[in-house]
Amino acid sequence: VQNVSNHGLGFDPDQPIRALVVGASGGIGRALTTQLAADQQIASVLAWSRRPRPSDDDAENAKITHASVDITDEASIIAGLAGVTHLDLVIVATGLLHDTSRQIAPEKTWRSLDADQMARSFAVNTIGPALLAKHTLPLFPRDRRAIYAALSARVGSIGDNRLGGWHSYRAAKAALNQIIRTLAIELARTHKQTVCVGLHPGTVATGLSKPFQSGVTAEKLFTPEQSATYLLGVIGALTPAHSGNIFAWDGQVIAP
Ligand SMILES: NC(=O)c1ccc[n+]([C@@H]2O[C@H](COP(=O)([O-])OP(=O)(O)OC[C@H]3O[C@@H](n4cnc5c(N)ncnc54)[C@H](OP(=O)(O)O)[C@@H]3O)[C@@H](O)[C@H]2O)c1
């Protein structure tokens, strides 16, 4: 798609948009939340993560409401949606590549494969976004534009895998991409104006990428704000015909 930054998110001008950003305490999720709240057409932004967002972020815009939700716990997702009757835009910006508190680091070789670490990666990177879809899609309008976008990663592409390594993260993102395609096919039958996609944000300076930034040149390492602006530009250009695909920050389709 042609990135249409500054031309809005593609909704009808008279449609007040109710947005949900999951992973709002993270690098990219935090920037997405701030930029959405600054958009005049956005009526409200639900901002979810396990950790609270810093209080100055909450003060920055009365449209933002934070809730503490753990996407690996279905009851927590259901509780977060209590009282929410309508959503037009869901962006899932959660993800797990490493977690020192659980001794999780991306594998360099099959010798490092560990069942618990793999299960944790799938719980956060694949099953969480699937459960979020299960509980948020019923709140989407059937007769107007709606977007379900989950942050994936280029390394989840099987066709693009030339380096190897990062077995769990790659496999969990590939599985997420399959979930997205499957949701899109089902949604096309009942929600003809809903777009369901995966998004690759580029390499972005966040906690997730911090241990792996050394080989990345400065111009290829985006700030979270830069990446959020690119991603919202891509979202703005999406039509239902694009549903089921994975798009990079520059609007290019990433092969499965
Ligand atoms: N940064 C990059 O270079 C890069 C490249 C390709 C793809 N991506 C993808 O982009 C997305 C965002 O990444 P990021 O770089 O912004 O990462 P990040 O800064 O580590 O943020 C991750 C977010 O996920 C939330 N999260 C993790 N586990 C959760 C759970 N169980 N329940 C609820 N929230 C949870 C974290 O919040 P709490 O800890 O507060 O819950 C945090 O808000 C991820 O899907 C990542 O795979 C990033």
Side-chain angles (χ1 to χ4, degrees), residues 20-35 46-54 57-58 64 66-81 90-102 104-106 119-132 135-136 149-157 160 166 168-177 179-180 197-218 220-228 230-232 234 246-250 254:
L20 165 63
V21 178
V22 191
S25 65
I28 299 167
R30 186 175 175 179
L32 284 166
T33 303
T34 303
Q35 290 182 25
L46 294 173
W48 287 3
S49 44
R50 292 167 305 172
R51 287 169 296 159
R53 274 164 57 85
D57 278 13
D58 288 338
I64 302 171
H66 182 268
S68 181
V69 171
D70 182 342
I71 63 161
T72 64
D73 174 3
E74 190 167 5
S76 171
I77 295 172
I78 293 168
L81 287 170
V90 174
I91 307 181
V92 183
T94 48
L96 169 66
L97 178 57
H98 61 89
D99 183 347
T100 42
S101 72
R102 291 172 185 262
I104 295 178
R120 183 67 192 165
S121 182
F122 273 77
V124 176
N125 292 315
T126 314
I127 301 170
L131 292 175
L132 285 163
H135 293 287
T136 59
L151 282 258
S152 187
R154 192 184 294 279
V155 298
S157 163
D160 196 58
W166 295 19
S168 298
Y169 183 74
R170 282 184 190 275
K173 290 293 194 183
L176 169 64
N177 296 350
I179 295 278
I180 287 164
V197 292
L199 296 173
H200 168 64
T203 305
V204 189
T206 67
L208 182 138
S209 67
K210 197 161 180 32
F212 315 101
Q213 289 168 7
S214 55
V216 185
T217 56
K220 284 203 170 153
L221 183 65
F222 299 150
T223 65
E225 292 72 25
Q226 227 180 331
S227 176
Y230 292 142
L231 295 176
L232 293 177
V234 171
I246 313 302
F247 291 92
W249 59 275
D250 59 359
I254 295 179

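Order of appearance sets the numbers: ligands from 1, and atoms from 1 within every ligand. Just so it is clear, the model here is predicted, and its values are computed rather than measured.
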Exercise. Using distance alone, determine whether Ile28 and ligand 1 share an N or O pair under 3.5 Å.
Key: yes
Self-check item: Any N or O of Asp70 closer than 3.5 Å to N or O of ligand 1
Solution: yes
Quiz item: At under 4.0 Å between heavy atoms, which part of Thr206 makes contact with ligand 1: side chain, backbone, both or neither?
Solution: side chain
Practice problem: If you have a sec, work out which protein heavy atom is nearest atom 23 (C) of ligand 1 and how many Å separate them, to one decimal? | Solution: Ala93 O, 3.7 Å
Quiz item: When you measure from atom 3 (O) of ligand 1 to every protein heavy atom, which one gives the shortest distance, and what is it?
Solution: Val204 N, 2.8 Å
Quiz item: Atom OG of Ser209 and atom CD1 of Ile28: how far apart are they, to the nearest 0.5 Å?
Solution: 8.0 Å
Quiz prompt | side-chain hydrogen bond (donor to acceptor under 3.5 Å, both in side chains) between Asn177 and Ser152, worked out | solution = CA-CA 7 Å; Asn177 296 350; Ser152 187; 2.7 Å; yes
Quiz item: Hey, is Ala123 one of the residues with a heavy atom under 4.0 angstrom from ligand 1?
Solution: no
Quiz prompt | Flag side-chain contact, heavy atom, 4.5 Å: Arg120 against Val124 | solution = yes
Quiz prompt | Side-chain heavy atoms of Ile246 within contact of Ile180, under 4.5 Å | solution = yes
Exercise. Please name the pair of heavy atoms, one in Gly156 and one in Lys173, separated by the smallest distance, quoted to 0.1 Å.
Key: CA-CB, 3.8 Å
Self-check item: Sub-4.0 Å atoms of ligand 1 with respect to non-hydrogen atoms of Ser49
Solution: 37 (O), 40 (O), 41 (O)
Quiz item: Run the side chain to side chain contact (heavy atoms under 4.5 Å, CB included) check on Leu232 and Ile91 step by step: do they pass?
Solution: CA-CA 10 Å; Leu232 293 177; Ile91 307 181; 4.0 Å; yes
Exercise. Please name the pair of heavy atoms, one in Pro129 and one in Thr126, separated by the smallest distance, quoted to 0.1 Å.
Key: CD-O, 3.3 Å
Practice problem: Would you mind reporting whether Val69 and Ser49 have side-chain heavy atoms less than 4.5 Å apart? | Solution: no
Quiz item: For ligand 1, which atoms sit closer than 4.0 Å to a heavy atom of Ser152?
Solution: 7 (C), 8 (N), 9 (C)
Self-check item: Aromatic plane relationship, Trp249 with Phe222 - under 30° parallel, 30 to 60° tilted, over 60° perpendicular
Solution: perpendicular
Quiz item: Nearest to atom 32 (N) of ligand 1, what protein heavy atom do you find, and at what distance?
Solution: Ile71 N, 2.9 Å
Practice problem: Within a distance under 4.0 Å of any heavy atom of Val69, pick out the atoms of ligand 1 and give their elements. | Solution: 32 (N), 33 (C)
Quiz item: With a 4.0 Å heavy-atom cut-off (strictly under), which part of His200 contacts ligand 1: side chain, backbone, both or neither?
Solution: side chain
Exercise. Indicate, as side chain, backbone, both or neither, the part of Lys173 found under 4.0 angstrom from ligand 1 when only non-hydrogen atoms are considered.
Key: side chain
Quiz item: Should Phe247 and Leu231 be marked as a side chain to side chain contact (heavy atoms under 4.5 Å, CB included) after you check the CA-CA gap, both sets of side-chain angles, and the distance that decides it?
Solution: CA-CA 9 Å; Phe247 291 92; Leu231 295 176; over 6 Å; no
Exercise. Would you mind running through ligand 1 and noting each atom that sits below 4.0 Å from a heavy atom of Ser25?
Key: 36 (C), 37 (O), 38 (P), 40 (O), 42 (C), 43 (O)
Exercise. From the options Thr94, Leu132, Val92, select the one whose nearest heavy atom is closest to atom 35 (C) of ligand 1.
Key: Thr94
Quiz item: Considering only the protein, which heavy-atom contact is closest to atom 10 (O) of ligand 1, and what is its distance?
Solution: Leu151 CD1, 3.5 Å
Exercise. Heavy-atom contacts with Pro201 under 4.0 Å: which atoms of ligand 1 show up? List them by number with element.
Key: 4 (C), 5 (C), 6 (C), 7 (C), 8 (N), 10 (O), 48 (C)
Self-check item: Side chain to side chain, Trp48 and Leu132, heavy atoms closer than 4.5 Å
Solution: yes
Quiz item: With a 4.5 Å limit on heavy-atom distance, are the side chains of Val234 and Asp250 in contact?
Solution: no
Quiz item: Looking at Ala153, which atoms of ligand 1 are within less than 4.0 Å of one of its heavy atoms?
Solution: 6 (C), 7 (C)
Practice problem: Distance to 0.1 Å, residue and atom name: give those for the protein heavy atom nearest to atom 21 (O) of ligand 1. | Solution: Gly26 CA, 3.2 Å
Self-check item: Leu96 touching ligand 1 at heavy-atom level, < 4.0 angstrom
Solution: no
Quiz item: Is there a heavy atom in Trp48 that sits closer than 4.0 Å to ligand 1?
Solution: no
Exercise. Provide, to 0.1 Å, the distance between atom 19 (O) of ligand 1 and the closest protein heavy atom, together with that atom's residue and name.
Key: Gly27 N, 2.8 Å
Quiz item: Mind checking whether Gly29 has an N or O less than 3.5 Å away from an N or O of ligand 1?
Solution: no
Practice problem: Take Val22 and Leu46, measure what side chain to side chain contact (heavy atoms under 4.5 Å, CB included) needs, and give me the verdict at the end. | Solution: CA-CA 8 Å; Val22 191; Leu46 294 173; over 6 Å; no
Practice problem: Below 4.0 angstrom from a heavy atom of Tyr169, which ligand 1 atoms are there? Numbered from 1 as shown, please. | Solution: 7 (C), 8 (N), 46 (C), 47 (O)
Exercise. With heavy atoms of Thr203 as the reference, note each atom of ligand 1 found under 4.0 Å away.
Key: 3 (O)
Self-check item: Side chain to side chain, Ile71 and Thr94, heavy atoms closer than 4.5 Å
Solution: yes
Quiz item: Among protein heavy atoms, which lies nearest atom 39 (O) of ligand 1, and at what distance?
Solution: Arg50 NH2, 2.8 Å
Quiz prompt | Side chain to side chain, Asp160 and Ile254, heavy atoms closer than 4.5 Å | solution = no
Quiz item: Quick one: nearest non-hydrogen protein atom to atom 20 (O) of ligand 1, plus distance?
Solution: Leu208 CB, 3.6 Å
Self-check item: Side chain to side chain, Tyr169 and Leu96, heavy atoms closer than 4.5 Å
Solution: no
Quiz item: Do any heavy atoms of Gly202 fall under 4.0 Å from ligand 1?
Solution: yes
